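Since the structure is predicted, the reported quantities are computational estimates derived from the model, not experimental observations.
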Amino acid sequence: MKKITTLGLIFFRFLILIAISGISMVATANPLHLEQGWDDKTRQQMYYTSFGSRFIPYDWFLVLEQAGSAELLRSPEHMIALGFVPGEVSELNPDGLPVGLVRDGDKKQGDYIGLTCTACHTGQVSIQGKTIHIDGGQALIDFSRFEYSVLDSLKVTIADVEKFSRFSRGVIEKNPVLTTDILKQQMTKRIAGLEQRFAANATDVPYGKGRLDAFGQIFNAIAVEALQLPENARAPDAPASYPVLWDASHLDVVQWNASAPNQEPGPLFQNAITVLAVYGTVSVPKNKLTYHSSIRISNLGDLQSGFYKLTAPKWPSEYAGQLDAGKIARGKSLYEQHCVQCHTYVDSTDAKRKLRAVLTPLAEVGTDPLIIDNFENRRVKTGVLEGDHLLLVTGEKFSAEAKPIDLVTHTAAGALVNQPWQSLKAIINEHESRYPKPEKSDNRVYKARPINGVWASAPYLHNGSVPTIYDLLLPAAQRPVTFYVGNIELDVTKVGHLATETPSTTLFDTRLRGNSNVGHEYGTQLNDEQRWDLVEYIKSL
């Protein structure tokens, strides 16, 4: 009898332990993966291959505490609250970091924590308690909040005797040549660098979860940081959703404003530019044709090849419910009347598929113009690059001012030529047949891509201003003015994430600059029954 009572007490305590640690257990539970063309080995490589991003030293990140507590900044609960997708301990991820946070090694400068493609391009949805990772999907990370949480933690740590003692002990244990004085000097320098970067990227428009003004931040990274011209700072105030990457490698053109050709060496250029946007480093001295950088060019070729294999996720009927065949048939007819002219069909079974994006003039689609306005209209000083050729040895020469994108293109070219063999191998590695870039008579266009798998890429429009597919089929005046972003629970009816407030969601206000939800008034004259038929068909794509 006593033995039974003892076992019962142990079991009771076990239940209490589960209840107390429930959040942590959910955070580390094995996620589900849909069939998207990747095996587990490929997925791990894509999740944890560095492309040269260097945020702060790796050993700092492992032991850095949150500003307001002794809890680690990288704790699963905190990273999930920031919108990161939880990762699992593996050979490529020995410290169990979130998806897309990776170690970048440097023999001279030591290891750094940085981001790779999958940090911003891995989504997740929750359906009735099941969490599904969406490879190549739209992440819902709060990038700015992540950046500032690291900066705040560093500032509090260096000022707090007890925090610094714990921090320095953890760092010096792995780096015995360090002293506390040297560590403080390093921290002070990095804090100053981050503060300068954040000041250059200051904006009145909150990004919130799932958005970043990548153009604005890369322009500042080159025009301000690399050229050391603080007066070149421009507010990155046109945040856009992280685009999905399935089929992107097969398109003729990429970027929301269709500004980047996808024939080689276009993809390598784009990926190199992405590195510089997220804490890659580059030196741009005067009178040099090539520029030293942290870009892992060989890895870029591997990453691009991996994404070329990726396919869109199919609607998970076993979790989200079976689709209605009658609605799908009626919805397909409506899709061909109102949608297919821009959002073409994709044969995902064709591994070598070549896709064309439809370029829709801004004046026609009518969505928020700020990304295009900033890209086309901004000018900055060229500094040490004045008089240099746009493409190093060819093209027009820079005058005293230029478009930021031209400075970025020049710098990326210099970084790639600095590693010629790696660049050549990457181009060969990722080379695939694609359609040439379309002729454009108007630069003020937005790219309409195929929308297969769109059920897993909410919120919608380029700036993430519409929470569900159903809302997008309403006239703009009837769409939600405000909603919350960051709840990963799938709205299986309207198709999107639930837009309700939870402790870690961020408010989206369509009345703010760059956040307009107007335009894209296609199919908005349908009656409600027709809308639901069209939504059902879109689920099936």
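The side-chain heavy atoms of Arg330 and Trp532, taken from C-beta on, include no pair separated by under 4.5 Å. The closest side-chain heavy-atom distance from Asp302 to Gln45 is not below 4.5 Å. Between Leu276 and Val408 there is no side-chain heavy-atom pair separated by less than 4.5 Å.
Considering every non-hydrogen atom in both Ile371 and Ala240, the closest pair reads CD1-CB, 3.6 Å. Val454 and Tyr460 make their closest contact through O-OH, 2.8 Å (heavy atoms, listed as atom of the first residue, atom of the second, distance). Pairing each heavy atom of Asp104 with each of Arg296, the nearest pair is OD1-NE, 2.9 Å. Across Trp38 and Gly306, no two heavy atoms sit closer than the pair NE1-O, 2.9 Å.
For His431, the NE2 atom sits in a loose shell: 12 or fewer heavy atoms of surrounding residues, nucleotides or ligands are nearer than 6.0 Å. Within a 6.0 Å sphere centred on CD of Glu529, other residues, nucleotides and ligands contribute 12 heavy atoms or fewer. Applying the 6.0 Å contact sphere to NZ of Lys327 captures more than 12 heavy atoms from other residues, nucleotides or ligands.
Asn515 and Asn463 form no side-chain donor-acceptor contact under 3.5 Å, judged by distance and modelled atom types alone. Judged purely by distance below 3.5 Å, without hydrogens or angles, the side chains of Asp528 and Tyr470 pair a donor atom with an acceptor atom. Asp252 and Asn262 share no side-chain donor-acceptor pair at under 3.5 Å. No side-chain donor-acceptor contact under 3.5 Å links Asn271 and Thr274. Between the side chains of His33 and Arg43, at least one donor N or O lies within less than 3.5 Å of an accepting N or O. Side-chain polar atoms of Thr468 and Asp471 form a donor-acceptor pair below 3.5 angstrom.
Judged by distance alone, with hydrogens and angles left aside, the side-chain atoms of Tyr48 form a donor-acceptor pair with the main-chain N or O of Leu97 at under 3.5 Å. At least one donor-acceptor pair under 3.5 Å links the side chain of Asn517 to the backbone N or O of Pro480. Remark: the backbone N or O of Thr203 is not paired with any side-chain donor or acceptor of Asp237 at under 3.5 angstrom. For the pair Trp315 (side chain) and Gly321 (backbone), a donor-acceptor distance under 3.5 Å is present. Under the 3.5 Å distance criterion, the side-chain polar atoms of Thr505 are matched with a main-chain donor or acceptor of Thr502. Judged by distance alone, the side chain of Thr49 and the main-chain N or O of Met46 form no donor-acceptor pair under 3.5 Å.
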Full working for side-chain hydrogen bond (donor to acceptor under 3.5 Å, both in side chains) between Ser249 and Glu432
CA-CA 9 Å; Ser249 298; Glu432 297 290 351; over 6 Å; no
Go through Tyr335 and Tyr522 one step at a time and tell me if the ring-ring contact (aromatic ring centres under 6.0 Å, His included) criterion holds.
CA-CA 10 Å; Tyr335 189 88; Tyr522 304 113; over 10 Å; no
Going through the distances and angles, do Gln44 and Ser90 end up as a side-chain hydrogen bond (donor to acceptor under 3.5 Å, both in side chains)?
CA-CA 8 Å; Gln44 285 296 307; Ser90 67; 2.8 Å; yes
Report the C-alpha distance between Phe84 and Phe146 in whole Å, list the side-chain angles of each, state the deciding distance to 0.1 Å, and finish with yes or no for ring-ring contact (aromatic ring centres under 6.0 Å, His included).
CA-CA 10 Å; Phe84 284 90; Phe146 169 61; 5.0 Å; yes
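Ring pair Phe219/Phe215 is parallel by interplanar angle, where below 30° counts as parallel and above 60° as perpendicular.
The ring pair (Phe, Tyr, Trp, His ring centres under 6.0 Å) test applied to His121 returns no partner, not counting sequence neighbours. Scanning for side-chain hydrogen bond (donor to acceptor under 3.5 Å, both in side chains) contacts around Gln270 gives Gln255, with sequence neighbours left out.
Geometrically, Arg103 engages Tyr58 in a cation-pi contact defined by less than 6.0 Å to the ring centre and at most 45° from the axis. Because its NZ or CZ atom is both nearer than 6.0 Å to the ring centre of Tyr435 and within 45° of the ring axis, Lys354 counts as a cation-pi partner of that residue.
Each of Leu474, Leu334, Asp533 was evaluated against Leu526; a single residue qualifies, Leu334, per the side chain to side chain contact (heavy atoms under 4.5 Å, CB included) test.
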